[in-house]
Visitor: 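Mind having a look at this structure? Questions to follow.
When a ligand or atom number is given, it counts from 1 through the structure's own listing order.
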Amino acid sequence: MRALLVEDEPTLAAQVRAALEDAGLAVDHASDGAQAHVMGGTETYDVVVLDLGLPALDGLSVLKRWRAEGIGMPVLILTARDSWTDKVEGIDAGADDYLAKPFQMPELMARVRALIRRAHGFASSILEVGNLSLDTRRAQLLRDGRPVALTSHEYRVIAYLMHHPGKVVSQADLVEHIYAQDFDRDSNTIEVFIGRLRRKLGADRIETVRGLGYRLRED
Ligand code: CA
């Protein structure tokens, strides 16, 4: 899963980025509204954390433009404390959730996880597929109840597949959802990650659908 973080305050941005990465997400960062607007329109994100007070273009305008352009990823806005008008305007503009500054990082992360799982139709923070379970709170994969040691990219691949059980996921989809923008993307490495996951999870858990991509078996 991949997140766009839009925050102009460097210290807070660094803290939120670290927390999102700890949660197993690839993270892109924009520090002004104009840059955020372009990134949201050209890259693929599973969730956006959007500050409202931004240079170049305010967060509310960014959100309105995305929604007018048909860009529908889940967006959580960071509002000023006690500003109920920010919240109302933000939700009317298409925000899916909001959090007032200052906030506790665990609350932000819980809301981000909830947005991602709701977007995929899951009610619980633990996703179960066959003998695998993905604990999104701990960013941990369990096989038959035992933790599986994964690199951050292996985790992102299996987390994406666990959010799309039984469905064919193309290599291009995986590339878009597991790498941050500044990362040197190579679709060949997806095969490497899949190969390592098969060794750790059982060879037949992830099927190759020739010419189309990969499918996580549900049984
Ligand atoms: Ca700000």
Visitor: Measure from the Ca ion (ligand 1) to each N, O or S atom of L52 and report whether any distance is below 3.0 Å.
Guide: no
Visitor: So which of the N, O or S atoms of D8 lies nearest the Ca ion (ligand 1)?
Guide: OD1
Visitor: Quick one: does Q35's side chain have a donor or acceptor within less than 3.5 Å of a partner on S31's backbone?
Guide: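 Side chain of Q35 to backbone of S31: a pair is present.
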Visitor: Provide the atom name of the closest N, O or S atom of D51 relative to the Ca ion (ligand 1).
Guide: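 Restricting D51 to its N, O and S atoms, the minimum distance to the Ca ion (ligand 1) goes to OD2.
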Visitor: Would you confirm whether S170, through its side chain, and D173, through its main-chain N or O, come within 3.5 Å as a donor-acceptor pair?
Guide: yes
Visitor: Tell me if the aromatic rings of H153 and Y179 count as close, with their centers under 6.0 Å from one another.
Guide: yes
Visitor: Would the distance check show the side chain of S61 and the main-chain N or O of L57 forming a donor-acceptor pair, the cut-off being under 3.5 Å?
Guide: no
